[in-house]
Amino acid sequence: LFDFAPDGYLITDLDGTIREANRSASQLLEVDTMALVGKPLAVFVEKEQKNVFRSRLGRLRNAAPDAVREWDMTLISRTNQAIPISVTVGLSIRRSGQPQQIRWMIRDMTARHRAQQALSEKTEAFEALFGASPAALRASPEHARLFHLASEGMIAPERFFQMGMAEQALLGAAAGL
């Protein structure tokens with residue numbers, strides 16, 4: 001189960017040295033599973049985030065036994081690819097109540113980041129073309145209808161910018177097409 005999970009899973013000692021890794025973690029970092037064992041996880045943390053990572057690791061060692069932490073960070077693969085990830089981290093506790101190891105679930109956020117970037121680019125293009133934000137269209141049914149007509153090619157986007165032509169006139173002209 002551990003080895004075939006869709007997300008990366010690591011078990012490290014309390015200092016962050018990798019003791020076990022599943023296939024997904026190995027593939028994400030582009031390092032053979034056995035080669036990961038014995039390496040500090042910090043080796044794969046983006047340079048600018050290493051201090052924050054070490055600080056979080058230190059706080060985690062002193063956390064309550066049932067504490068689970070989540071945060072986003074960037075790992076760097078063996079081929080120097082930046083990988084935005086979301087981690088969920090928790091401690092494994094000995095019977096004595098002392099922390100024993102750290103469990104890491106690593107979720108690749110690359111696709112989500114790309115989708116957010118594409119949405120941001122489309123929003124900027126939309127605002128440049130129509131002079132309004134999508135939020136403004138949600139506030140005005142008339143604007144939303146105009147946008148729909150323009151996006152379907154029923155009216156030209158330039159008609160949004162015609163001086164002196166009221167929204168109702170534009171809607172009427174579009175309805176007459």
Minimal non-hydrogen separation, [X] against [Y], with atom names:
X: Pro99; Y: Leu14; answer: O-CD1, 3.6 Å
X: Pro6; Y: Ser24; answer: O-OG, 3.4 Å
X: Thr74; Y: Ala82; answer: CG2-CB, 3.9 Å
X: Ala63; Y: Leu91; answer: O-CD1, 3.9 Å
X: Ala21; Y: Thr33; answer: O-CG2, 3.1 Å

Margin query: Whether the side chain of Asn22 engages the backbone of Asp7 through a donor-acceptor N/O pair (distance < 3.5 Å, no angle test) should be reported.
Written below: yes

Check: Are the side chain of Asn80 and the backbone N or O of Ile76 linked by a donor-acceptor pair below 3.5 Å?
Finding: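 Judged by distance alone, no pair lies under 3.5 Å.
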
Notebook entry, point to check: Does a sphere of radius 6.0 Å around CZ in Arg61 hold more than 12 heavy atoms from other residues, nucleotides or ligands, not counting ones at 6.0 Å or beyond?
Noted result: yes

Checklist line | Exceeds 12 heavy-atom contacts within 6.0 angstrom, atom CZ of Arg56 | finding: yes

Check: With distance as the sole criterion, is a donor-acceptor pair present between the side chains of Arg114 and Thr110 under 3.5 Å?
Finding: no

Note to self: With no hydrogens and no angle check, just 3.5 Å: does a side-chain donor-acceptor pair link Arg103 and Ser92?
What the structure shows: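 Per modelled atom types, Arg103 and Ser92 side chains form a pair under 3.5 Å.
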
Validation row: [X], [Y] side chains within 4.5 angstrom (heavy atoms):
X: Leu29; Y: Arg78; answer: no
X: Trp71; Y: Val89; answer: yes
X: Ile102; Y: Leu57; answer: yes
X: Phe44; Y: Ile83; answer: no
X: Thr17; Y: Thr12; answer: no
X: Pro40; Y: Ile18; answer: no

Note to self: If hydrophobic clusters are built from ILVMFWY residues whose side chains come within less than 4.5 Å, do Leu75 and Val37 share one?
What the structure shows: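 No; tracing contacts between hydrophobic side chains, which count when under 4.5 Å, never links both residues.
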
Next item on the list: Using the rule that two of Ile, Leu, Val, Met, Phe, Trp, Tyr join whenever any of their side-chain heavy atoms come within less than 4.5 Å, decide whether Val87 and Met109 are in one cluster.
Entry: no

Pairwise distance [atom1]([X]) to [atom2]([Y]) - rounded to 0.5 angstrom:
X: Met105; Y: Ile85; atom1: CE; atom2: CD1; result: 10.0 Å
X: Leu41; Y: Arg54; atom1: CG; atom2: CZ; result: 10.5 Å
X: Arg23; Y: Tyr9; atom1: CZ; atom2: OH; result: 15.5 Å

Notebook entry, point to check: Among Gln100, Gln101, Arg19, which one satisfies side chain to side chain donor-acceptor pair (under 3.5 Å) with Asp13?
Noted result: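 Answer to the side chain to side chain donor-acceptor pair (under 3.5 Å) test with Asp13 among Gln100, Gln101, Arg19: Arg19.
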
